Amino acid sequence: MRKICIVGTGYVGLVTGACLAHLGNQVTCLDIDLEKIAQLCTGHVPFYEPGLEPLVRRQMEAGRLQFTTSYAEAVDGSQFIFVAVPTPSIVGEAGVDMRYVESAVHSVAQHLDHSAILINKSTMPVGSGDLVSAILKEHVPQPDLVVQVVANPEFLREGSAVQDFLMPDRVVLGSGQRSAVLQVAELYAPLCAPLVITDLYTAEMIKYASNAFLAAKISFINEIARICEVLGADVRQVATGMGYDKRIGRDFLDAGLGYGGSCFGKDVRALAHMAAEAGLHPQLLEAVMAINTDQRRLVVSKLEKELGDLADKHIAILGLAFKSNTDDMRDAPSIDIIRWLVRAGAHARAYDPVADETAREAMPDVAVTYCADCYHAVQDCDAVVVVTDWREFRDLDLRRLRGAMRTPVLVDGRNLFDPAEMTRLGFRYCGIGRPDGGRYPTSSRDQRRMHDEEAASAWRWPAPETISAPR
Ligand code: NAD
């Protein structure tokens, strides 16, 4: 049985540790957060990730997974040491804060008394593998110890992290030391995933390029959405029509409030920063970031268009987490939107199925009324904004929702609802990238100008699914 140590027991570290234990390895997960480790020792996962807690408990019961705050205990005898600590942006800057990595690697080095392979799972700027090697070389107590470094970027998505880890599209391994790469590849062999074996720098770059591409796809469709809105096309159907093209694909073509979360924002920023530092002008990356920020502002302008001055208006926010199936609030669009609304003098009420607690931590200084459910959140509100695409929002009793509101303005930031149906139910519906905000019939420019309810309710929005694939 291989002995593995995971340094940093967050989303990536815990999923990696639990899954590697599931694959039959002996895993010790380490963290400097005492409370987190205390909770994990009792079998409780301190964040929301579907399927993770039962997996963790099963591996603990099988004796393959344990938790500690002691480097001495975690590093002892481990052949493989994964580093999965945060690599956030430096506060107020675009560069990456490498202090967590430096500190973690330093601590590992001090406790090593045997040769091992150190695997960088954290997303690190291109060239960081060399930095890690240099720290190890300087701080290992015995100069003859061999510690090989492998870059193994992680591509899991929060919300489906366990499945993503166990069924990856590919495993990327980068190192100058082939024997180390082959040993790490053995760990992943049961997953039968395509292996990309390359050098350190290229592996590090693959991670940034992948995240930047996905972020660009999101900003691209959001720009198309804006054009659709003024020209009278429906971005959802545009995405369907585009997505059938295998060269394009349908994934990441949902127009909405843009990307958020712990990775896309900081990674695009970091890549642009690396490029600029190297004397390049990363124009596309800059546009991707600017479009994403604008997309969040769109909510406020749509509300202002409907309600005028937002001072003293009561606005309900449905969904706080940066996406569904997680309680992660890092760089969640809801934070910017709520802050802007409150700054404009509005009163914010909010509901999220799981992210109340993390939202309070993320916005301790903002007056938000946290509600027990959607209906409670919209009670007597002037408008409601759907910010996160939680499944339960699709199944809402919309008549009841409408009945609870003072003014029936609904900004659908994730295009969850059918505009015609919403209009029929009496909502003033504003989608993203739908003609006139999705509120009026739009088969021609003339129709777009029709503002009477009767015409709107007589019209039926064709469901995108009715578009059949070209033969
Ligand atoms: P996280 O904040 O959830 O977890 C990091 C953990 O590291 C925390 O529990 C923290 O207490 C611990 N830590 C910090 N310094 C430490 C130290 N010196 N020693 C031991 N533990 C320490 O972060 P995360 O979301 O798991 O991200 C980790 C890395 O993985 C980042 O580089 C991120 O960019 C990358 N990544 C994240 C995701 C994701 O979806 N979250 C996906 C792919 C890659």
Side-chain angles (χ1 to χ4, degrees), residues 5-19 28-40 45-50 52 67-75 81-90 96-111 118-125 128-129 132 135 139 151-165 168-172 203-204 206-208 210-212 214-215 259-271 321-323 325-332 358 361-362:
C5 154
I6 312 277
V7 181
T9 310
Y11 287 91
V12 169
L14 184 57
V15 171
T16 303
C19 289
T28 303
C29 287
L30 166 126
D31 208 287
I32 49 172
D33 183 334
L34 306 186
E35 206 180 308
K36 192 175 256 186
I37 292 300
Q39 242 181 298
L40 283 163
V45 171
F47 49 86
Y48 180 81
E49 180 58 46
L52 184 55
F67 301 97
T68 183
T69 54
S70 158
Y71 269 94
E73 196 184 316
V75 171
I81 299 164
F82 285 80
V83 174
V85 297
T87 47
S89 298
I90 299 168
V96 177
D97 186 347
M98 289 292 285
R99 284 177 301 176
Y100 301 93
V101 172
E102 287 165 8
S103 159
V105 175
H106 188 169
S107 302
V108 167
Q110 285 177 323
H111 290 88
L118 191 136
I119 301 141
N120 290 335
K121 264 255 168 256
S122 294
T123 305
M124 302 182 192
S128 298
V132 166
I135 297 171
H139 295 285
N152 170 216
E154 182 52 57
F155 300 96
L156 62 76
R157 295 162 298 176
E158 289 173 23
S160 55
V162 173
Q163 188 184 325
D164 288 350
F165 189 94
D169 292 336
R170 76 302 206 185
V171 171
V172 174
E204 291 164 342
I206 287 171
K207 175 64 189 174
Y208 280 103
S210 301
N211 274 3
L214 294 172
Y259 58 78
S262 68
C263 293
F264 283 177
K266 77 166 173 78
D267 291 348
V268 177
R269 222 169 15 247
L271 183 57
F322 86 92
K323 66 172 186 173
N325 290 327
T326 181
D327 60 357
D328 197 343
M329 284 295 295
R330 289 178 286 185
D331 195 22
T358 44
E361 286 163 23

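Treat the numbers as computed from the prediction; the structure is a model and nothing was measured. For ligands, and for the atoms within them, numbers begin at 1 and follow the listed sequence.
The protein heavy atom nearest to atom 4 (O) of ligand 1 is Gly10 CA, 3.1 Å. Protein heavy atom in closest approach to atom 32 (O) of ligand 1: Thr87 OG1, 2.6 Å. Protein heavy atom nearest atom 16 (C) of ligand 1, with residue, atom name and distance: Ile32 CD1, 3.5 Å. Shortest contact from atom 5 (C) of ligand 1 to any protein heavy atom: Pro86 CD, 3.5 Å. At the top of the distance list for atom 28 (C) of ligand 1, counting protein heavy atoms only, stands Val85 O, 3.5 Å.
Atoms of ligand 1 found under 4.0 Å from any heavy atom of Lys36 (numbered from 1 in listed order, with element): 8 (C), 9 (O). Less than 4.0 angstrom separates some heavy atom of Leu30 from each of these atoms of ligand 1: 20 (C). Near Ser103, with a cut-off below 4.0 Å to any heavy atom, the atoms of ligand 1 are 18 (N). Against a heavy-atom cut-off of under 4.0 Å, Val7 is close to the following atoms of ligand 1: 19 (N), 20 (C). Within ligand 1, the atoms closer than 4.0 Å to a non-hydrogen atom of Ala104 are 18 (N), numbered from 1 in the order shown. If you number the atoms of ligand 1 from 1 as listed, the ones under 4.0 Å from a heavy atom of Lys266 come out as 33 (C), 34 (O). Close contacts between ligand 1 and Leu156 involve ligand atoms 40 (O), 42 (C) [criterion: under 4.0 Å to a heavy atom].
The 12-atom threshold is not exceeded at CD of Gln163, counting heavy atoms of other residues, nucleotides or ligands nearer than 6.0 Å. Crowding of Arg170 atom CZ: a count of heavy atoms from other residues, nucleotides or ligands under 6.0 Å exceeding 12. Counting non-hydrogen atoms of neighbouring residues, nucleotides and ligands closer than 6.0 angstrom, the OH atom of Tyr100 reaches no more than 12 such neighbours.
Residues Val132 and Met124 have side chains in contact (heavy-atom distance under 4.5 Å, counting atoms from C-beta outward). Side-chain atoms of Val85 and Val7, non-hydrogen and from C-beta on, do get closer than 4.5 Å to each other.
Ligand 1 has a nitrogen or oxygen under 3.5 angstrom from a nitrogen or oxygen of Thr123. Between Glu154 and ligand 1, no N or O atom pair is found at a separation short of 3.5 Å. Considering both main-chain and side-chain atoms, Val12 comes within under 3.5 Å of ligand 1 through a nitrogen or oxygen pair.
Scanning all heavy atoms of the two residues, the minimum distance from Glu49 to Arg157 falls at OE2-O, 4.4 Å.
For atom 20 (C) of ligand 1, the nearest non-hydrogen atom from the set Tyr100, Phe264, Tyr71, Phe47 belongs to Tyr71. When the options Thr69, Asp33, Asp31 are ranked by their closest heavy atom to atom 10 (C) of ligand 1, first place goes to Asp31. Nearest to atom 25 (O) of ligand 1 by heavy-atom distance, out of Glu158, His106, Arg330, Lys121, is Arg330.
Judged by distance alone, with hydrogens and angles left aside, the side-chain atoms of Asn120 form no donor-acceptor pair with the main-chain N or O of Ser122 at under 3.5 Å. Remark: the backbone N or O of Asp31 is not paired with any side-chain donor or acceptor of Thr69 at under 3.5 angstrom. A distance-only check finds a donor-acceptor pair linking the side chain of Glu204 to the backbone of Gly129 [under 3.5 Å].
Residue Ala84 touches ligand 1 through its backbone alone, judged by heavy-atom distances below 4.0 Å. Proximity of Met124 to ligand 1, defined as any heavy-atom pair under 4.0 Å, is not found for any part of the residue. The side chain of Cys263, and not its backbone, has at least one atom closer than 4.0 Å to an atom of ligand 1 (non-hydrogen atoms only; side chain from C-beta on).
In this structure, Lys207 has a heavy atom closer than 4.0 Å to ligand 1.
Between the CD1 atom of Ile32 and the OG atom of Ser70 there is a distance of 13.5 Å, given to the nearest 0.5 Å.
Thr28 pairs by the side chain to side chain contact (heavy atoms under 4.5 Å, CB included) definition with Gln66, Thr68, Ala74, not counting sequence neighbours.
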What side-chain donor-acceptor pairs closer than 3.5 Å can you find for residues 259-269, not counting sequence neighbours?
{"from": "Lys266", "atom 1": "NZ", "to": "Thr87", "atom 2": "O", "distance (Å)": "3.4"}
{"from": "Lys266", "atom 1": "NZ", "to": "Thr87", "atom 2": "OG1", "distance (Å)": "3.3"}
{"from": "Asp267", "atom 1": "OD2", "to": "Asn211", "atom 2": "ND2", "distance (Å)": "2.8"}
{"from": "Arg269", "atom 1": "NE", "to": "Ser89", "atom 2": "OG", "distance (Å)": "3.2"}
{"from": "Arg269", "atom 1": "NH2", "to": "Ser89", "atom 2": "OG", "distance (Å)": "3.0"}

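Residue Ile135 is tested with Val105, Val108, Leu118 for a side chain to side chain contact (heavy atoms under 4.5 Å, CB included); the sole match is Val105.
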